[in-house]
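Worth knowing before you read on, the calculation uses all heavy atoms, side chains too, and leaves out hydrogens, waters and symmetry mates. For this chain, numbers begin at 1 and follow the sequence in order.
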Amino acid sequence: MRLALIGCSGPKLDRAAPARELYTSRLFRAAVAYAEATCDDWAVLSARHGLVRSWRVLEPYDTTFEDLTRDQRGFWAWKVHKALLASEVCLEHADVVLLAGKEYSDRMTTEWRCQGVQGLAVPRSCEEPLRGLPVGKRYAWLVAETAKAGAVAP
């Protein structure tokens, strides 16, 4: 199973909506198009809510990862890992594609290293195709790779 984890975005609708609609940035929409074209499933990494399925209805919020303390960020990553373990995803057989900012990605990869050392379930593999790219190049990469997969990015 190939699972994309997409970082939430600052721009949001001004009303409650399913996560797939709530986040309105161009980069988020391109990440969703890429995930739907190349992965079996996807979910959102939300600073406030942790792991969020695409269909889950959320109210708009203003929490960012930068609002969290170091300890809160560690707890956030642990909570996301536990949510993945509790989901229908068989994590140790999943190939995870992190389509998120550095802070989200760093926390998740650190959490998985810690869990793996303890002998707990971690993803089979973890790709970070956007790591180190500025926002414009992230968007261009997502659009190009989505097109290679035979789909159209918004």
Side-chain angles (χ1 to χ4, degrees), residues 1-87 89 91 94-115 122-146 149 151 153-154:
M1 166 175 226
R2 192 166 148 91
L3 172 70
L5 298 178
I6 302 171
C8 64
S9 72
K12 297 172 189 68
L13 296 175
D14 60 359
R15 59 177 170 74
R20 73 174 304 110
E21 298 168 20
L22 180 69
Y23 305 103
T24 60
S25 79
R26 195 170 78 138
L27 185 60
F28 179 83
R29 302 256 185 225
V32 168
Y34 172 77
E36 290 180 342
T38 65
C39 297
D40 300 303
D41 199 3
W42 65 273
V44 178
L45 294 175
S46 162
R48 175 169 288 177
H49 302 287
L51 184 74
V52 177
R53 301 306 305 205
S54 63
W55 43 262
R56 183 172 165 203
V57 176
L58 301 173
E59 293 286 336
Y61 63 92
D62 289 326
T63 306
T64 68
F65 212 65
E66 290 77 33
D67 295 333
L68 305 179
T69 66
R70 184 173 184 256
D71 287 345
Q72 288 171 325
R73 291 175 188 191
F75 179 70
W76 174 92
W78 178 83
K79 193 169 70 169
V80 168
H81 178 77
K82 294 300 179 196
L84 282 167
L85 290 175
S87 74
V89 173
L91 194 57
D95 298 307
V96 173
V97 181
L98 281 172
L99 302 173
K102 182 180 181 336
E103 298 82 13
Y104 290 98
S105 292
D106 285 352
R107 277 298 170 175
M108 290 314 306
T109 56
T110 297
E111 178 66 23
W112 289 329
R113 275 194 302 276
C114 292
Q115 296 296 332
V122 295
R124 178 172 55 198
S125 69
C126 180
E127 295 174 44
E128 296 180 78
L130 306 178
R131 182 173 278 282
L133 296 177
V135 173
K137 290 190 178 186
R138 286 172 176 247
Y139 179 77
W141 187 93
L142 289 164
V143 169
E145 293 300 313
T146 301

How far apart are the closest heavy atoms of Ala16 and Glu59, and which atoms are they? CB-OE2, 3.4 Å

So Val135 and Leu27, side chain to side chain contact (heavy atoms under 4.5 Å, CB included) or not? Walk me through it. CA-CA 8 Å; Val135 173; Leu27 185 60; 4.2 Å; yes

If every non-hydrogen atom of Ala47 is compared with every non-hydrogen atom of Thr64, which pair is closest and at what distance? CB-C, 3.6 Å

What heavy-atom pair brings Arg138 and Leu133 nearest, and what distance separates the two atoms? NE-O, 2.9 Å

Answer whether the closest heavy-atom distance between the side chains of Val97 and Cys39 falls below 4.5 Å. yes

d(Leu84 CG, Lys79 NZ) to nearest 0.5 Å is 12.5 Å

How long is the span from the CD atom in Glu111 to the CH2 atom in Trp78, to the nearest 0.5 Å? 8.5 Å

State, with a plain yes or no, whether a side-chain heavy atom of Leu5 is found less than 4.5 Å away from one of Leu51. yes

Could you go through Arg48 and Leu58, starting from their C-alpha distance and side-chain angles, then the distance that decides it, and tell me whether this counts as side chain to side chain contact (heavy atoms under 4.5 Å, CB included)? CA-CA 10 Å; Arg48 175 169 288 177; Leu58 301 173; over 6 Å; no

Do side-chain atoms of Lys12 reach the backbone of Gly10 as a donor and acceptor pair under 3.5 angstrom? yes

Is Arg131 salt-bridged to Asp106, going by a charged N under 4.0 Å from an acidic O? yes

Hey, does Asp95 have a side-chain heavy atom less than 4.5 Å from the side chain of Pro123? no

For Ser46 versus Trp76, what's the shortest heavy-atom pair and its separation? O-NE1, 2.8 Å

Taking the side chain as C-beta and beyond, is there a heavy-atom pair between Leu130 and Leu142 under 4.5 Å? yes

For Phe28 versus Gly7, what's the shortest heavy-atom pair and its separation? CD1-O, 3.5 Å

Hey, what do you get for NZ (Lys82) to CG (Leu91), rounding to the nearest 0.5 Å? 10.5 Å

Would you find a donor on one side and an acceptor on the other, under 3.5 Å apart, between the side chain of Arg73 and the backbone of Phe65? yes

What distance do Arg29 atom CZ and Tyr23 atom OH have between them, rounded to the nearest 0.5 Å? 11.5 Å

Tyr139 six-ring centre to Arg26 NZ/CZ under 6.0 Å and within 45° of normal: yes

What's the separation between atom NE2 in His49 and atom OH in Tyr61, rounded to the nearest 0.5 Å? 5.5 Å

Minimum heavy-atom distance between Thr38 and Ala149, given as atom pair plus value: CG2-CB, 3.7 Å

If only side-chain N and O atoms count, and only distance matters, is there a donor-acceptor pair under 3.5 Å linking Arg113 with Thr110? yes

Any carboxylate oxygen within less than 4.0 angstrom of a Lys/Arg side-chain nitrogen, looking at Arg2 and Asp40? no

Donor-acceptor contact below 3.5 Å, side chain Gln115 vs main chain Trp112: no

Assess whether a salt bridge exists between Glu36 and Arg20, defined as any Lys/Arg side-chain N lying under 4.0 Å from an Asp/Glu carboxylate O. yes

Could you tell me whether Asp41 and Arg53 have a side-chain N and a carboxylate O separated by less than 4.0 Å? yes

Mind checking whether Cys8 and Leu45 have side chains closer than 4.5 Å, heavy atoms only? no

Output, in order, the C-alpha distance, side-chain angles, deciding distance and verdict of side chain to side chain contact (heavy atoms under 4.5 Å, CB included) for Val96 and Glu127. CA-CA 6 Å; Val96 173; Glu127 295 174 44; over 6 Å; no

Report the distance from atom CD1 of Ile6 to atom CG of Leu98, rounding to the nearest 0.5 Å. 10.5 Å

